[in-house]
Amino acid sequence: MTFINYAAREINCKIVYYGPGLGGKTTNIKFVYEKTNPTAKGKLISLATETDRTLFFDFLPLDLGEIRGFRTRFHLYTVPGQVFYDASRKLILKGVDGVVFVADSQAARMEANLESLRNLDLNLKEQGYDLRTIPYVLQLNKRDLPSALPAEEMKRQLVRKGEPVFEAVASKGTGVFETLKTIAKMVLIELRKGR
Amino acid sequence: MPGNDLVLHEEEFTRIRDVISRLRTECNAKVVFLVDKNGQQIAAIGELTSIDTTALASLAAGNVAATDSLARLIGEKEFSVLFHEGERDNLHISVVGGRVILVVIFDERSSLGLVRLRVKKGSTELAAILDVMLKKSAAPRKAAAGGSPFAEITDEDIDKLFSD
């Protein structure tokens with residue numbers, strides 16, 4: 001649900017990074033934070049446990065510049081990936097404009113990817129959204145690990161609707177901005193459609 | 001998609017600012033702040049230079065969302081007021097019209113009783129303005145004053161945002 005502020009001439013959009021625990025959602029937005037010009041970003045907020053596991057959410061506001069005289073701002077959120085934090089995940093999906101699913105490429109995590117994807121589908125439905133229509137990008141993360149499954153095999157199991165897929169190594173920044181740019185574009189295209 | 005995009009026009013923005021500005025004076029508060037439940041800042045008045053308003057908006061919304069869920073867990077509809085007491089500054093958070101969050105930051109120059117009283121009155125006025133805002137948001141966008149600038153966005157405009 002984009003917030004259009006005519007008074008301040010701003011468009012505010014919300015993007016949520018979803019996926020299984022330890023898949024690299026926080027690593028994605030930390031990399032974006034590190035590589036973004038200080039004038040274009042706000043403070044990175046992490047509500048995490050002492051062991052750096054996301055407890056509630058991470059939040060990063062980004063200012064992408066002007067479009068037709070409107071400042072375009074994106075709020076990036078991550079959800080806690082661990083299965084038992086489902087209540088928090090539901091809250092964070094409220095008002096979402098676009099979703100990035102960060103999948104873990106390790107063979108041993110495929111079941112966790114599938115479970116998280118089912119959980120995303122269900123939680124979106126509960127909020128009245130539909131995975132088939134909402135702007136959505138799939139990121140295959142940790143491509144550098146020796147135990148990574150072939151990308152084609154992952155796509156076969158995880159692709160839901162012909163969404164854009166990016167191979168990534170978030171810890172090194174590979175694929176991070178490509179993923180973000182694509183989801184941001186999809187959200188803006190959706191905004192153009194209006195209703 | 002559930003609901004519509006939230007659209008804030010100049011007219012409602014001015015009215016909201018008037019109400020929260022008056023509220024700030026009446027409460028003797030440092031800051032009065034209005035946030036959408038999804039964490040988007042709507043308006044803010046007061047001593048804002050030392051505060052990261054974007055972060056405040058997101059955290060206030062997260063706080064209210066978590067507290068709402070806690071309320072439902074114990075069989076309450078909601079906890080309509082949250083109060084955080086600090087050594088110097090205090091935070092009074094309330095939900096207006098079920099949709100937006102009113103945050104008042106105040107110190108020893110004010111009191112919880114005064115803030116509660118004034119917030120109650122201000123909330124009624126804000127709820128009425130929000131009603132208008134939501135009705136306008138629900139209307140087809142091209143019916144809004146000045147037409148929609150977004151229908152005209154080109155692929156080039158979007159690409160320009162990502163040029164560097």
Side-chain angles (χ1 to χ4, degrees), chain A residues 1-14 37 40 42-45 47 56-57 59-61 63-70 72-75 77 87-88 90-92 94-97 127-130 133-134 177 180-182 184-195, chain B residues 1-14 16-17 36-43 52-59 61-66 68-70 72-73 136-142 144-146 148-164:
Chain A
M1 193 215 59
T2 312
F3 175 40
I4 305 164
N5 187 337
Y6 280 87
R9 297 197 77 72
E10 278 178 9
I11 314 168
N12 293 277
C13 308
K14 178 171 178 177
N37 189 324
K43 210 171 150 189
L44 172 65
I45 290 177
L47 304 182
F56 195 2
F57 58 76
F59 169 68
L60 175 63
D63 195 334
L64 288 187
E66 283 203 358
I67 195 162
R68 300 268 156 164
F70 278 74
T72 311
R73 309 177 84 175
F74 279 84
H75 290 179
Y77 284 83
S88 304
K90 286 180 191 181
L91 297 178
I92 294 151
K94 278 187 183 168
V96 66
D97 292 301
Q127 307 282 344
Y129 297 97
D130 189 340
T133 54
I134 195 166
F177 275 96
L180 174 62
K181 283 176 184 178
T182 303
K185 272 188 190 180
M186 289 168 84
V187 167
L188 289 171
I189 288 167
E190 198 63 27
L191 179 70
R192 175 169 70 187
K193 283 188 205 157
R195 62 197 73 247
Chain B
M1 210 171 267
N4 289 279
D5 293 339
L6 189 63
V7 183
L8 177 60
H9 292 282
E10 195 77 45
E11 194 186 341
E12 281 74 48
F13 181 70
T14 311
I16 287 170
R17 269 183 60 115
D36 172 56
K37 265 195 167 180
N38 299 321
Q40 310 280 13
Q41 177 189 328
I42 296 174
D52 181 341
T53 53
T54 312
L56 180 70
S58 161
L59 289 172
N63 194 350
V64 167
D68 271 356
S69 293
L70 279 175
R72 281 195 294 274
L73 274 181
K136 280 193 184 175
S137 295
R141 214 177 286 151
K142 52 178 170 282
S148 167
F150 308 111
E152 307 292 315
I153 292 177
T154 60
D155 289 345
E156 208 181 13
D157 287 332
I158 296 174
D159 285 335
K160 241 188 258 166
L161 287 179
F162 301 102
S163 52
D164 50 330

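In the text below, chain A, chain B and the rest are named by the order of the sequence lines, each starting its count at 1. Everything quoted here is computed from the prediction, not taken from an experiment.
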Check whether S69(B) gets within reach of chain A through its side chain, its backbone, both or neither, counting any heavy atom under 4.5 Å. side chain

Measuring heavy-atom distances to chain B, does F177(A) have an atom under 4.5 Å in its side chain, in its backbone, in both, or in neither? neither

Any side-chain heavy atom of T54(B) sitting closer than 4.5 Å to one from R73(A)? yes

Heavy-atom distance under 4.5 Å to chain A: side chain of T14(B), backbone, both or neither? neither

Before giving the answer on side-chain contact (heavy atoms from CB on, under 4.5 Å), spell out for R68(A) and T154(B) the whole-Å C-alpha distance, their side-chain angles and the decisive distance to 0.1 Å. CA-CA 10 Å; R68(A) 300 268 156 164; T154(B) 60; 3.9 Å; yes

Is I189(A) close to chain B through its backbone or its side chain, or both, or neither, when contacts mean heavy atoms under 4.5 Å? both

Residue, of K14(A), K43(A), K185(A), E66(A), that accumulates the most heavy atom pairs under 4.5 Å with chain B: K185(A)

Can you sort out the partners of L8(B) under side chain to side chain contact (heavy atoms under 4.5 Å, CB included), two or more places apart, ordered by chain and number? F3(A), N5(A), E12(B), F13(B), I16(B), I42(B), M133(B)

With rounding to the nearest 0.5 Å, note down the distance linking CZ in R192(A) to CG in D157(B). 9.0 Å

Checking heavy atoms, do the side chain of D155(B), its backbone, both or neither come under 4.5 Å from chain A? both

Within-4.5 Å side-chain heavy-atom neighbours: L161(B) and L188(A): yes

Tell me the closest heavy-atom pair linking L59(B) and F57(A), and the distance in Å. CD2-CZ, 4.1 Å

Under 4.5 Å from any heavy atom of chain B - which part of L64(A): both

Heavy-atom nearest pair, M1(A) first then L6(B), reads CE-CB, 4.0 Å

Okay, I11(A) and chain B: the region with an atom under 4.5 Å from a heavy atom over there is side chain

Nearest 0.5 angstrom please: I92(A) CD1 to N38(B) CG, how far? 12.0 Å

Run the side chain to side chain donor-acceptor pair (under 3.5 Å) test against T53(B) and tell me which residues pass, sequence neighbours left out. Q41(B)

Which pair of heavy atoms, one from A55(B) and one from I45(A), lies closest together, and at what distance? CB-CD1, 3.2 Å

In terms of heavy-atom proximity below 4.5 Å to chain A, should D52(B) be classed as side chain, backbone, both, or neither? side chain

Relative to chain B, which segment of E10(A) carries a heavy atom at a distance below 4.5 Å: side chain, backbone, both, or neither? neither

Which is it for Y6(A) and E10(B) under the side-chain contact (heavy atoms from CB on, under 4.5 Å) test, yes or no, and what are the steps along the way? CA-CA 6 Å; Y6(A) 280 87; E10(B) 195 77 45; 5.8 Å; no

